Engineer: 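Dropping the structure in here first, questions after.
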Amino acid sequence: MIPYSPLANGLLTGKHRRGRPPVPGSRLASVPGANASRWLTDANFDIVEALEAYAQERGISLLDVAIGGLAAQPQVVSVIAGATSPEQVRGKRSAPACGVQALPTWRSSTGSRLVDEQARFL
């Protein structure tokens, strides 16, 4: 399987924030039909914030979690994600080596939990 939109139209890049409009120049802001209101929801930001906490506790980036978490799934043969900057290419290149696994069972030190229902978003 090859995941479609592994970065959720840029939501899993970490540049978008709850309660703010899409970042100028981002796919959600500039691509016709991206439908930013579909992606920039409280439920989706709950997931993103849990993933950011997961990444921070491990000293890795949100990109590492998004790409590495997909690459760690046995049914995934490749993760293809577009890049709009050299930094994104470098981050995506290192993601599969970060050792992300078992995301649905994770609980942060602050009690945030990524549950199976949220993991389906990924």
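All of these numbers come straight from a predicted model, not from anything done at the bench.
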Engineer: Rounded to the nearest 0.5 Å, what separation is found between the CD atom of Q56 and the CG atom of L51?
Structural biologist: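 One gets 13.0 Å once the value is rounded to the nearest 0.5 Å.
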Engineer: When rounded to the nearest 0.5 angstrom, what distance separates CG in L28 from NZ in K15?
Structural biologist: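 With rounding to 0.5 Å, CG (L28) is 8.5 Å from NZ (K15).
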Engineer: At what distance, to the nearest 0.5 angstrom, does CG of D64 lie from CD1 of I67?
Structural biologist: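 If I round to the nearest 0.5 Å, the distance is 9.0 Å.
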Engineer: Looking only at heavy atoms, which two atoms of L7 and A66 are closest? And how far apart?
Structural biologist: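 Answer, listing the atom of L7 first, then A66: CD2-CB, 3.7 Å.
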Engineer: Answer yes or no: is there a side-chain heavy-atom contact under 4.5 Å between N9 and N35?
Structural biologist: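 No. Closest side-chain heavy atoms not under 4.5 Å.
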Engineer: Which heavy-atom pair separates S37 from T41 by the least distance, and what is that distance?
Structural biologist: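 Looks like O-CG2, 3.4 Å.
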Engineer: Salt bridge check: are R18 and D46 linked by an N-O gap of less than 4.0 Å?
Structural biologist: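 Here R18 pairs with D46 in a salt bridge, since their nearest N and O are under 4.0 Å apart.
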Engineer: Taking the side chain from S26 and the backbone from P22, do they hold a donor-acceptor pair closer than 3.5 Å?
Structural biologist: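 Not at all, since once roles are kept as given, no pair shorter than 3.5 Å links the two residues.
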Engineer: Considering non-hydrogen atoms only, spot the tightest contact between P6 and I80 and give its length.
Structural biologist: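 Here P6 and I80 meet closest at CG-O, 3.2 Å.
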Engineer: Side chains of V76 and P3: closer than 4.5 Å at any heavy-atom pair?
Structural biologist: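 Yes; the side chains approach each other to less than 4.5 Å.
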Engineer: Carefully, step by step, assess L12 and I47 under the rule side-chain contact (heavy atoms from CB on, under 4.5 Å).
Structural biologist: CA-CA 9 Å; L12 295 175; I47 297 166; 5.6 Å; no
Engineer: Does Y54 offer a backbone N or O that forms a donor-acceptor pair with the side chain of R58 under 3.5 Å?
Structural biologist: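 Yes.
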Engineer: What's the shortest heavy-atom distance between V23 and A29, and which atoms?
Structural biologist: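 Nearest pair, atom of V23 first, then A29: O-CB, 3.2 Å.
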Engineer: If we only count heavy atoms from C-beta on, is the F45 to L11 side-chain gap below 4.5 Å?
Structural biologist: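 Yes; the side chains approach each other to less than 4.5 Å.
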Engineer: I'd like to know if R17 pairs up with E52 as an ion pair, taking the criterion as any Lys NZ or Arg NE/NH1/NH2 lying under 4.0 Å from an Asp or Glu carboxylate oxygen.
Structural biologist: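 Salt bridge between R17 and E52, a charged N being under 4.0 Å from a carboxylate O: yes.
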Engineer: Decide yes or no for I2 and V77: does some side-chain heavy atom of the first lie under 4.5 Å from some side-chain heavy atom of the second?
Structural biologist: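 Yes, their side chains come closer than 4.5 Å.
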